[in-house]
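The structure under discussion appears below in the form of structure tokens.
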Amino acid sequence: MKVCKFGGSSMASAETIRRVAEIIRSDADRRYVVVSAPGKRFSADIKITDSLLTAYHESRKGGSLKELIAPIRERFEGIAHDLGVEDKVDLAALFKEIEAGIAASPIPDFAAAQGERLSAMLLAAFLGCAFIDAKEIIRFADNGQFNAEYTNDVARKRLAAEGSLVVIPGFYGSTSAGQIRTFSRGGSDVTGAIIARAVKADLYENWTDVNGFLTADPRIVDQPKPIPELSYRELRELSYMGANVLHPESIFPVRKANIPINIRNTFEPNNPGTMILPGVLQHDRLITGIAGKKGFVSILIEKSMMNNEIGFTRKLLSVLENLNMSFEHLPSGIDTMTLIIADTEIGGKLQELVGGIREAVSPDRLEIQSDLALIATVGHGMAYKPGTASRLFTALSRVGVNIKMIDQGSSELNIIVAVAGEDYEKAINAIYEEFIN
Ligand code: ASP
């Protein structure tokens, strides 16, 4: 039995929803369906979730909620009409309830969730099957933390009692008091994984608008090769480092139950896509893929006899903890340590951070370098093959890229390098040419 999740572009219009229905009907094993809100129909289009969030925030600044949600309602009415389900889903009543709900909500989550809710209702009506509201089975704690074990228990029981086909909205759930909470953006992938675990699916199919994972970002490398198979851990590394086909947190529920994930393309349903499997894949493949992100800062901290100073790292990291900031890497030498932190974590607090570090550890020297990029070269194969790092560094030196930091995880699953932001594209192409092309 399979759980299928369809993303925003698959749910964007009546036409794409018909394709979704065809995919579901073509395989009787596809029994649990999780959907996103309607996404973009063309590149300048606006995702329903974004329109809902704008409606929430603008109404808080005094905008008319009725006017703000009118285009959202029109879009859903258009889809319902084109699918011929306008008599089965009472959108007028639902939008009355949504308007009141958004007006009464102290947080944006209720508003954000409505796209998924309506999209699931329309698909269920079109398929003539059951709809289960995610608020009944996906549980969050009052502080917004997802409660995995409680959810698994409730969802398992509730879904086992259901008939042959069920549609469930992705992205949200509720607290025990009934308040709607969402995952982070793109979180319908996570819902799909949670449902797959709860029903002990044989496969979690994630239907999107690309043919699975590629070995590099197609905006940087010309026609990168696809990745037919990937391990959970390789997936985690690549998606954390920016290969954004799947929400990085989707891996956790399915990993607990050893369920493979198959990334598929709604618009090319015959393409096998990428299969993501537990364990270490036995391949002669050295490198599985390359991913990276721009927008990092490094802070070099130098202090004589740092290595002898007990508690030095704790003092340094407590500065970050107090500022509620996480870091990416912390390579160290005898008298030096370098913090690598994402710009998005630092926000406007660089001065505060630097002041805190000076006060906490009194460095002899502190040097800041901004506009760095991190590049992860990922693959289980490198653990068995001496010389991988040397080939990587040679490839970068051939194109004149200076490496600012190197971090090879102890699992030998990846080698991460930091380079200047302006060298990012050049570096990725050089690594791709060396290992993949
Ligand atoms: N609709 C939500 C978003 O745009 C969640 C999702 O599509 O997975 O982020």
Side-chain angles (χ1 to χ4, degrees), residues 3-13 16-17 19-20 32-57 69 71-73 75-76 79 94 98 101-102 105 107-124 131 133-135 137-138 140 144 146 151 167-174 180-197 204-210 212-213 235 239-240 242-254 261-267 344:
V3 169
C4 330
K5 180 260 169 178
F6 292 89
S9 42
S10 307
M11 299 301 293
S13 67
T16 61
I17 294 175
R19 283 174 180 270
V20 166
Y32 299 93
V33 178
V34 173
V35 294
S36 281
K40 292 185 180 196
R41 291 157 291 183
F42 41 89
S43 67
D45 200 11
I46 302 173
K47 292 182 181 184
I48 285 288
T49 310
D50 288 316
S51 305
L52 285 160
L53 284 167
T54 305
Y56 173 85
H57 292 294
I69 59 175
I72 304 171
R73 178 172 165 172
R75 189 157 164 202
F76 276 110
I79 295 174
L94 284 163
I98 289 170
I102 296 179
S105 196
I107 52 171
D109 298 42
F110 173 85
Q114 299 311 311
E116 267 70 12
R117 181 166 164 245
L118 297 184
S119 148
M121 284 180 172
L122 293 181
L123 178 63
F131 160 84
D133 198 330
K135 75 176 182 200
I137 52 176
I138 307 280
F140 286 81
F146 169 59
T151 297
V167 182
I168 305 149
F171 191 38
Y172 73 94
S174 74
I180 299 293
R181 301 305 287 247
T182 63
F183 294 107
S184 57
R185 294 299 302 267
S188 299
D189 287 342
V190 183
T191 308
I194 292 165
I195 301 298
R197 178 187 171 208
Y204 171 29
E205 284 182 341
N206 190 291
W207 291 83
T208 174
D209 54 7
V210 292
F213 277 85
L235 164 76
S239 58
Y240 181 76
N244 52 8
V245 178
L246 192 68
H247 192 294
E249 285 159 33
S250 319
I251 191 70
F252 301 118
V254 287
I261 308 173
N262 190 191
I263 308 288
R264 298 286 294 268
N265 188 349
T266 300
F267 306 94
T344 47

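Numbering of ligands and ligand atoms starts at 1, following listing order.
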So Phe140 and Phe183, ring-ring contact (aromatic ring centres under 6.0 Å, His included) or not? Walk me through it.
CA-CA 9 Å; Phe140 286 81; Phe183 294 107; 5.0 Å; yes
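In this structure Ser174 satisfies the side chain to side chain contact (heavy atoms under 4.5 Å, CB included) test together with Lys135, Ile180, sequence neighbours excluded.
Rounded to the nearest 0.5 Å, atoms OG (Ser13) and CG (Asp45) are 10.0 Å apart. For the atom pair OH of Tyr32 and CD1 of Ile195, the computed distance is 9.5 Å after rounding to the nearest 0.5 Å.
Tyr172 pairs in a side-chain hydrogen bond (donor to acceptor under 3.5 Å, both in side chains) with only one of the listed residues (Asp133, Asp109, Thr182), which is Asp133.
Within the 4.5 Å cutoff, the side chain of Gln114 has no heavy atoms near those of the Ile69 side chain.
Annotation: ligand 1 has protein neighbours Ser36, Thr49, Glu116, Phe171, Arg185, Gly186, Gly187, Ser188, each with a heavy atom less than 4.0 angstrom from the ligand.
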